[in-house]
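These notes concern the structure reproduced below.
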Amino acid sequence: MIQAQSMLRDLTEKALQELFQLSGPEPVFQKTRKEFEGDFTLVTFPYVKPARKSPDAVATAIGEYLAAHSKYVSGFNVVKGFLNIALHDAYWLEFLTHAGAMPHFGIKEEGTSGRTIMLEYSSPNTNKPLHLGHVRNNLLGYSVATILKANGHKVIKANLVNDRGIHICKSMLAWQKFGAGETPSSSNMKGDHLVGKYYVAFDKAYKSEVKQLIEKGLTEEEAKKQAPLMLEAQEMLRKWEAGDAAVRELWKTMNGWVYEGFSITYRHLGVNFDVMYYESNTYLLGKELVQEGLKKGVFYKKENGSIAIDLTAEGLDEKIVLRSDGTSVYITQDLGTAIERFHEFKELNQLIYTVGNEQDFHFKVLFSILSKLGYSWATECYHLSYGMVELPEGKMKSREGTVVDADDLLAEMQATAEATTKELGKVDGFNAEELEKLYQLIGLGALKYFILKVDPRKKMLFDPKESIDFNGHTGPFIQYTHARIKSVMRRAGTLQDTIDPTALSHAAERDLLRCIYEFPAVVEIAGATYNPADIANYVYELAKYYNRFYHECPIMKEERADVQRLRLAISELSARVIAEAMLLLGIEVPEKM
RNA sequence: GGCCUCGUAGUUCAAUGGAUAGAACGAAAGUUUCCUAAACUUUAAAUACAGGUUCGAUUCCUGUCGAGGCUACCA
C-alpha cells in the first residue's frame with residue numbers, strides 16, 4: 001500500500017527538479033479543505049520566486065506532471081496558487097482493503113521501536129484525597145503512556161508516592177488531637193477522605209492559633225512560625241526521621257487508610273502502574289551525588305556551608321542543592337532518583353515526568369544540573385507539563401476545601417449517565433449488572449473526554465455548576481457513534497451474496513475514508529508531542545464524518561450489493577478506528593447504548 | 001522588580017506561517033411512517049490593542065493593556 005502523501009511528495013520533488021531545476025524546500029501535502037475539490041493540497045508559494053513563474057503557472061505545471069506520472073492521480077485543480085490533487089477511487093478502495101485487513105490499523109505493537117520510556121504520573125500526597133487536578137494528571141499520564149505504546153515504545157508507568165513530610169504530619173497530628181480514635185470503618189468513610197478531613201482540621205486550628213498570636217501583638221510571620229501546632233508538627237517530623245516507633249506506627253496506619261482509598265479511585269479511573277516508588281524510601285537519595293558534584297566542581301560550597309550550583313548563565317539563578325545542616329532539599333532527591341532509575345532499568349532511553357506547569361522552573365533546573373553532571377540521558381528527560389484545572393473562582397486549594405473531589409465527581413458523572421440513559425430508554429435488553437457497567441462507561445467517557453480534548457499545556461476551566469455535557473463534542477457522542485455502527489453491523493450479520501465494489505458511490509464515503517486514512521499519522525503526531533488532545537479532536541472529527549455518511553448513505557436498504565458491501569466495510573473500519581482511538585484516551589466504547 | 005505561560009463567538013475548546021478563522025454548548029429555525037434523534041441540516045455570533053517581518057500572520061518579533069504561575073536552606 002503506497003502512502004499517498006509520501007508518494008505525492010516524492011513525485012513533486014522530481015517535478016520541481018525536472019521542471020524548474022529546484023531542490024527543496026520539501027513539498028508537504030495537506031488534506032484539502034472541504035470547500036474545495038480534491039484530496040490533498042500543495043501550497044506552491046515557496047516555489048514561485050525561485051521558479052520565476054506565477055503561482056498558478058507553477059501549480060498547473062506540477063499538477064500536470066503528477067497526473068501524467070502517477071496512476072493514482074485522477075485530476076487536479078488550481079485555486080490562487082493552491083494545487084488540489086484528486087486521487088482515483090481505486091486508491092481509496094485499495095486503502096480500505098488494506099486497512100480493513102490489519103488487526104490494529106494505525107497502532108504499532110509495543111516494543112517494536114526499540115525505545116524504552118519511563119513515564120511517571122499521578123504521584124499523590126498521602127495527606128488528602130484526589131481532586132480534579134489529580135484527575136487531569138492521571139488521565140493525561142495514562143493516555144500518553146498508551147499513545148507512546150501505540151507508537152511502538154516500551155513504556156514503564158511509574159508512580160512516586162509522596163508519603164512523608166510535614167504535610168503528612170499535619171494530618172497525623174490533627175487526628176491524634178481531634179480524632180478520638182476514628183477509623184475508616186468506624187466512620188464509614190473512605191480512608192483518604194478521612195485523612196483529608198484531619199488535614200483540613202489542622203489548617204483550621206492552626207489558623208485560629210495564628211490569629212490569636214497576632215492579636216497578642218506578634219507579626220504574621222512570627223505567629224506562623226511560633227504557633228504551637230506548627231511546632232508540634234515539626235517535632236513529629238523530626239521523630240519520624242529519627243525512626244520513633246509510635247510515630248512510625250501511626251504513619252503506617254494512616255498511610256494504609258489512604259492507600260486503600262486511592263486504590264479504589266484509581267480503579268474507577270481505570271489507571272494503573274508498573275512500578276511504585278515511595279518517597280520515604282527515596283528521600284535520602286542524591287546526597288552522595290552532591291559530594292561527587294562538589295569534587296567535579298559542578299557545585300560549590302557557600303560561606304554558610306550549604307551547597308549550591310550557579311545557573312545564572314542559563315537565566316536560572318543560583319540553586320541550593322544541600323542545606324547547611326547537610327539535609328536534602330527536594331531537588332536533591334530528584335537528582336538521586338533520576339540516576340537511580342537509569343541504574344535500575346539499563347534499557348531506559350527516556351524519563352517523562354507528568355507534573356503541573358507550576359513546576360516548570362524546577363524541572364528546567366533539574367535537567368540542567370543532570371546535564372552539567374555529565375549524564376548523557378539528561379537531554380532525554382522530559383517534563384510533561386500541564387495546566388491547572390481552575391474553578392470559576394480560581395485555583396483549587398485542598399487546605400481550604402475548595403476542591404472538586406475526584407470520587408464525588410466520578411459518582412456524579414455516573415449518576416448523570418444513568419439518568420440520561422433511562423430518559424432515552426434504549427437499553428431494554430440489559431440486565432442490572434450490564435446497566436451499571438454502561439453507566440460507568442458513559443459517565444467516565446464524558447469526564448475523560450472533557451479533560452483530554454483540551455491541549456494539556458493549557459489551563460482549563462471547570463464549572464461545577466454546569467454539568468459536563470453528553471451531547472455535541474463529547475465522549476458520549478463518540479461512544480454513541482460506535483454503538484450506532486455496531487447496531488448496523490448486527491443487522492448486516494445475516495447478509496450474504498455481496499459483490500466487491502469497483503468504485504465509490506458517494507462523496508460522504510470518500511470524506512470518511514480520507515479521514516480514516518489520517519489515523520496513523522495522528523497517532524504519530526500525538527506521540528511525538530505527548531498530546532492526547534490530537535487523538536481526541538481527531539476521533540471527534542471521524543465520528544462527525546461517520547454520522548454525516550450515515551445520514552446520507554443508506555446501508556441496509558441499499559439495493560446494489562456492491563455499494564452495500566462498500567458501506568459495510570467502511571462502517572466496520574470506522575467502528576474499529578473509533579474504538580482504537582478512544583482506547584488511546586483510556587475510554588471504552590459500548591456495543592449498545 | 002525579574003523570569004515563564006496565556007488573551008480567539010455570550011460560554012467552553014480548535015486551527016505544521018496558507019485558501020472564506022473551525023466545532024460544541026447556549027440562542028433562532030427545520031429533519032422521525034427511514035439502518036439507534038446521545039443524531040442530522042440551516043441562521044446569527046470571535047482573533048485584547050498598536051506597530052513590524054512576509055506573497056500571505058490567530059500563529060513569528062517589539063511595545064501597551066489584561067489574566068495566571070514561578071521567583072525558599074517547603075515539598
Side-chain angles (χ1 to χ4, degrees), chain A residues 28 30 32-36 41 43-46 48-49 55 79-82 84 125 162 164-168 279 283 302 304-308 315-317 319-334 356-362 364 385 387-388 390 394-395 417 420-421 423-424 426-427 442 446 450 453-455 457-463 466 468-481 483-492 525 529 533-534 536-537 540-541 543-544 546-548 550-558 567-568 571 592-593:
Chain A
V28 178
Q30 44 198 273
T32 301
R33 297 187 69 156
K34 61 172 177 285
E35 57 267 35
F36 299 97
T41 295
V43 181
T44 59
F45 290 105
V48 166
K49 219 180 230 174
V79 183
K80 290 194 287 186
F82 291 82
N84 301 317
N125 293 346
N162 187 348
R164 63 162 286 279
I166 190 75
H167 48 293
I168 316 284
E279 244 186 61
Y283 80 106
K302 295 180 62 166
N304 58 19
S306 62
I307 298 174
L316 295 177
D317 236 325
K319 191 81 192 170
I320 301 286
V321 293
L322 204 65
R323 293 191 194 112
S324 50
D325 64 1
T327 56
S328 299
V329 290
Y330 193 61
I331 203 155
T332 321
Q333 70 158 308
D334 264 8
N357 63 9
E358 53 197 356
Q359 298 207 37
D360 284 356
F361 181 75
H362 172 79
K364 271 189 199 164
S385 166
M388 296 290 108
E390 287 179 8
K395 231 182 134 179
T420 310
T421 305
E423 201 178 309
L424 292 168
K426 290 195 260 189
V427 284
I442 295 171
F450 175 80
K453 78 170 174 180
V454 181
D455 185 334
R457 286 165 273 272
K458 294 188 177 172
K459 66 168 193 250
M460 65 181 293
L461 192 95
F462 177 81
D463 188 349
E466 289 176 33
I468 293 176
D469 256 305
F470 282 55
N471 297 318
H473 189 177
T474 67
F477 165 79
I478 297 160
Q479 291 172 319
Y480 170 75
T481 306
R484 189 181 227 189
I485 299 172
K486 286 296 179 169
S487 170
V488 177
M489 301 313 292
R490 278 192 296 275
R491 286 170 183 272
I525 291 168
T529 56
D534 287 338
N537 289 312
Y540 173 66
E541 195 184 358
K544 287 284 280 186
Y546 187 85
N547 280 315
R548 211 165 293 152
Y550 179 91
H551 275 269
E552 292 184 21
C553 302
I555 299 170
M556 299 317 296
K557 284 191 305 174
E558 173 58 44
R567 291 178 181 172
L568 281 170
S571 296
K592 283 190 202 174
M593 69 183 271

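Only heavy atoms go into these numbers, but all of them, side chains included; no hydrogens, no water, no symmetry mates.
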Which part of the nucleic acid does A:T327 contact within heavy-atom distance under 4.0 Å: base, sugar-phosphate only, or nothing?
nothing
Side-chain H-bond candidate by donor/acceptor type, A:D469 with A:T474, under 3.5 Å
no
Using a 4.0 Å heavy-atom cut-off to protein, can you give one letter per nucleotide of nucleotides 22-27 of chain B, 5' to 3': B if the base is in contact, S if only the sugar-phosphate is, - if neither?
-SSS--
Select one nucleotide: of B:C35, B:A19, B:A75, the one nearest the side-chain heavy atoms of A:T41.
B:A19
Sticking with atom C1', work out how far B:C25 lies from B:G68, rounded to a whole angstrom.
25 Å
When all nucleic acid strands are considered with a 4.0 Å heavy-atom cut-off, which category describes A:K592: base, sugar-phosphate, or nothing?
base
As a test of reading the structure: which of B:G7, B:C35, B:U41 is closest to the side chain of A:R548, going by heavy atoms?
B:U41
First encountered from the 5' end of RNA chain B, between A:Q30 and A:G165:
A:Q30
Stacking here means centres under 5.5 Å and planes under 30°; does A:F82 stack on B:G18?
no
Determine the Euclidean distance between corresponding P atoms of B:U11 and B:A46; express it in Å to zero decimal places.
12 Å
Is A:N84 side chain donor-acceptor paired with the B:A19 base, going by distance under 3.5 Å alone?
yes
Distances for protein N or O near nucleotides 43-48 of chain B N or O, under 3.5 Å:
none

Euclidean distance for P, B:A45 against B:U5 (whole angstrom):
35 Å
Regarding A:I442, tell me which of base, sugar-phosphate or nothing describes its non-hydrogen contacts under 4.0 Å with the strands shown.
base
In terms of relative ring orientation, are A:H362 and A:Y330 parallel, tilted or perpendicular, with 30° and 60° separating the classes?
tilted
I'd like to know if A:T481 reaches the base of B:A39 with its side chain, counting only an N/O donor and acceptor under 3.5 Å.
no
Looking at A:E35, I'd like to know if its CD atom is crowded, meaning that more than 12 non-hydrogen atoms belonging to other residues, nucleotides or ligands lie closer than 6.0 Å.
yes
So, A:Y550 and A:S571: side-chain donor and acceptor under 3.5 Å apart, yes or no?
no
Taking the C1' atom of each, how far is B:A24 from B:C40, in whole Å?
15 Å
Nearest to the side chain of A:M460, which nucleotide is it out of B:A39, B:G68, B:C13?
B:C13
Dot-bracket line, read 5' to 3' along RNA chain B, where crossing pairs take [ ] and | marks a partner on another strand, Watson-Crick or G-U under 3.5 Å:
(((((((..((((....[...)))).(((((.......)))))....(((((..]....))))))))))))....
For A:F45 and A:P55, the nearest pair of non-hydrogen atoms, with its separation, is CE2-CG, 4.0 Å
Looking only at atom C1', what distance separates B:U20 and B:C65, rounded to whole Å?
31 Å
Nearest to the side chain of A:P46, which nucleotide is it out of B:U36, B:A75, B:G18?
B:G18
Give me the distance, rounded to whole Å, that separates B:U12 from B:G30 when you measure between the C1' atoms they each carry.
26 Å
Within the 4.0 Å heavy-atom criterion, would you say A:V43 contacts the bases, only the backbone, or no part of the nucleic acid?
base
Side-chain N or O of A:R490 less than 4.0 angstrom from OP1 or OP2 on B:C35?
no
Looking at the side chain of A:V488, which of B:U36, B:U16, B:A75 is the nearest nucleotide?
B:U36
Could you walk me through whether A:V488 and A:M556 pass side chain to side chain contact (heavy atoms under 4.5 Å, CB included), step by step?
CA-CA 8 Å; A:V488 177; A:M556 299 317 296; 4.2 Å; yes
Heavy-atom side-chain contact between A:R33 and A:T41 under 4.5 Å:
no
Nearest to the A:L461 side chain among B:U36, B:A75, B:U12, which nucleotide is it?
B:U12
When you check the phosphate oxygens OP1 and OP2 of B:U20, does a side-chain N or O of A:K80 lie under 4.0 Å from one of them?
yes
Span that lies between the C1' atom of B:U31 and that of B:A14, in whole angstrom
28 Å
Using the C1' atom as the point on both nucleotides, what is the distance between B:C6 and B:U59, in whole Å?
14 Å
